[in-house]
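Below is one structure; the comments refer to it alone.
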Amino acid sequence: MVLYKLEDFDPQYRDSFEGNEIKGLGVYTEGTDEKIGTVHDILVDDQGHFRYLVLDLGFWIFGKKVLLPIGRSRIDYASDRVYAIGLTREQAENLPEFNESLATDYDYEEGVRGVYRNPQYRTPPVEASAPVESPTPVDAPPIESTTTTTPVTTVAPTYTRDTYRYEQEPDLFDLNERNHQKLKLYEERLITNTRRHKMGDVTVGKRVETETARVAVPVEREHIVVERTTPEDAGRVVSPAEANFREGEVAHMEVYEEMPEVSKEAFVREEVSVKKVVEQDTVETQATVRREELDVKAPNLPVEER
C-alpha cells in the first residue's frame, strides 16, 4: 500500500482544517498527561485518509521517530494537544523506529502494526461495548520489533499483502468519532452591498422667452411763448414817419421735439455648467438572522467548557 506525507498529497490541506495545524502539536499520554513527543508528520493513503501520525521523540531520544496509528490518537484542538490512547512513554520508546525509505513497504508496516496488536498496546475500554476482536493469527515466524529493549513479538494475521485493508482494523485506523468530535456552531450575519439603479434623466437645454420690456426715456419738446408787455413810454405820441403800419409782418420760428428711439443689443447674462456630484448617505436596513447556541444536557455530570 502506498502512503504519502500529508503535505505532499495535498499542499493546501490547511484549508480543509480551517487553519488548524496538526503538525507540531505535542503528544501526551492519557491519564498521566506525560509528554511523549510532537507530531512530525502525517501519513495518508491514496484516498487521503489519515493512517499514521509520525511522532518525533527527539526531546529525549535524539532523532528517533515512530508511527502512531490514527485510531490510537485523540486530537484536542482546544488545548493544541494530541493524546496517544493506551500508549505510555516507555512503550513509545520501544516502538520500531520510523524509516521513511520503508514507509510504503508492507512488511515494514506489518511489523509496526504487529506491535500495536499486542494487548499491552491496546486501548483500555471507555464504556461497556462489544470488544473489538483482534485478527485471528495463523502459524508464522514471529516478527521482531526493532527496539533497544526486550523485543515484542507477534504473529502474522490471516490477511496477506494482497488482501489487507486498513478498514479491517478499526482499532488502529478508525478515526473514532467519539474521540474526534467537533461541533460547529453557525451564525448568520448581514452582508451589505449596493446596487446602482437609474433614477431618471436630466436634460439641460435653452429656450427663448419673450416679454414686454418697459423703459422711461426723457425727451425734450419745444413750444412758443408769446409775451405781451407794456413799455415804459406807453402813451407817448410818435410822429407819422415813426409810425409804420405794415400789414402781414410776421415773426417765424421753428419748433422741435424729441422722439424716443428703441434698439436692441445682446449681451452675456450668465454661464451655466452642467456636472454630476456624488453625495454619500447612510441608510439603515434590517433582516432576521439566525445563530446557533450550544445546548449542553448532562444531568448531574461534570462538564467543563473551554
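Side chains included, hydrogens not; waters and symmetry mates left out as well; all remaining heavy atoms used. What you are looking at is a predicted structure, and each value in this text was computed from that prediction instead of being measured.
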Go through the steps for Leu53 and Ile70 under the test side chain to side chain contact (heavy atoms under 4.5 Å, CB included), then give the verdict.
CA-CA 6 Å; Leu53 299 181; Ile70 192 64; 4.0 Å; yes

Which value, rounded to the nearest 0.5 Å, describes the distance between Leu68 atom CG and Ile36 atom CD1?
7.5 Å

Any ion pair linking Glu209 and Arg207 (charged N to carboxylate O, less than 4.0 Å)?
yes

Would you say Val277 ends up clustered with Val202 if hydrophobic residues are merged whenever their side chains have heavy atoms under 4.5 Å apart, either directly or through other cluster members?
no

Would you check if the side chain of Thr32 reaches a backbone N or O of Thr29 as a donor-acceptor pair within less than 3.5 Å?
no

Do the side chains of Ile224 and Val226 get nearer than 4.5 Å, heavy atoms only?
yes

Heavy-atom closest pair, residues Thr163 and Thr160
OG1-N, 2.8 Å

dist Thr288:OG1 -> Leu190:CG (nearest 0.5 Å) comes out at 9.0 Å

Nearest 0.5 angstrom please: Phe9 CZ to Gln47 CD, how far?
7.0 Å

If you take all heavy atoms of Val66 and Pro96, which pair is closest and at what distance?
CG1-O, 3.6 Å

Search all heavy atoms of Leu87 against all heavy atoms of Ala92 and return the closest pair with its distance.
CD1-N, 3.9 Å

Got a sec, which residues hit side-chain contact (heavy atoms from CB on, under 4.5 Å) with Glu167, two or more places apart in sequence or on another chain?
Arg51, Arg165

How long is the straight-line distance from CG of Leu57 back to NE2 of His40, given to the nearest 0.5 Å?
11.5 Å

In the structure I gave you, are the side-chain heavy atoms of Thr38 and Leu55 within less than 4.5 Å of one another anywhere?
no

Grab the two heavy atoms, one from Ser73 and one from Ile85, that are nearest each other, plus how far apart they are.
O-CD1, 3.6 Å

Less than 4.0 Å between a side-chain N and a carboxylate O, is that true for Arg291 and Glu293?
yes

Joint hydrophobic cluster, Val255 plus Val225, side-chain heavy atoms closer than 4.5 Å
no

Listed by chain and number, what are the side-chain contact (heavy atoms from CB on, under 4.5 Å) partners of Glu257, not counting sequence neighbours?
Arg221, Met259

Between atom CD of Glu265 and atom CZ of Phe267, what is the distance when rounded to the nearest 0.5 Å?
8.0 Å

Steps toward side chain to side chain contact (heavy atoms under 4.5 Å, CB included) verdict (Ile42, Phe50)
CA-CA 7 Å; Ile42 300 99; Phe50 281 24; 3.9 Å; yes

May I ask you to decide whether Asp171 forms a salt bridge with Arg72, counting only side-chain N to carboxylate O separations under 4.0 Å?
yes

If you round to the nearest 0.5 Å, how far is CG of Leu67 from CG of Asp41?
10.5 Å

Would Glu109 and Tyr166 count as having a side-chain donor-acceptor pair, cut-off 3.5 Å?
yes

Have Tyr164 and Glu169 got a donor and an acceptor in their side chains that come within less than 3.5 Å?
yes

Does some side-chain heavy atom of Arg117 sit less than 4.5 Å from a side-chain heavy atom of Glu110?
yes

With a 4.0 Å cut-off, would you call Glu30 and Arg74 a salt bridge?
yes

Okay, side chain of Glu258, backbone of Glu220: is any donor-acceptor separation there less than 3.5 Å?
yes

Taking all non-hydrogen atoms of both residues into account, name the closest pair between Pro218 and Ala216 and its distance.
CD-O, 3.9 Å

Basic-acidic side-chain contact under 4.0 Å: Glu93, Lys64
no

Could you give me the CA-CA distance, side-chain angles and deciding distance for Asp76 and Val82, then say whether side chain to side chain contact (heavy atoms under 4.5 Å, CB included) is met?
CA-CA 6 Å; Asp76 188 347; Val82 175; over 6 Å; no

Taking NZ, NE, NH1 and NH2 as the nitrogens, is one of them in Arg236 or Asp233 under 4.0 Å from a carboxylate oxygen of the other?
yes

So Tyr52 and Phe98, side chain to side chain contact (heavy atoms under 4.5 Å, CB included) or not? Walk me through it.
CA-CA 11 Å; Tyr52 296 98; Phe98 172 61; over 6 Å; no

Kindly indicate whether a cation-pi arrangement holds for Arg161 with Tyr106, taking the cut-offs as under 6.0 Å to the six-membered ring centre and within 45° of the axis.
no

Is there side-chain contact between Leu95 and Tyr116, with heavy atoms separated by less than 4.5 Å?
yes

Side-chain donor-acceptor pair present, Tyr256, Glu254, cut-off under 3.5 Å:
yes

Using side-chain heavy atoms (C-beta onward) and a distance below 4.5 Å, is Val54 in contact with Leu43?
yes

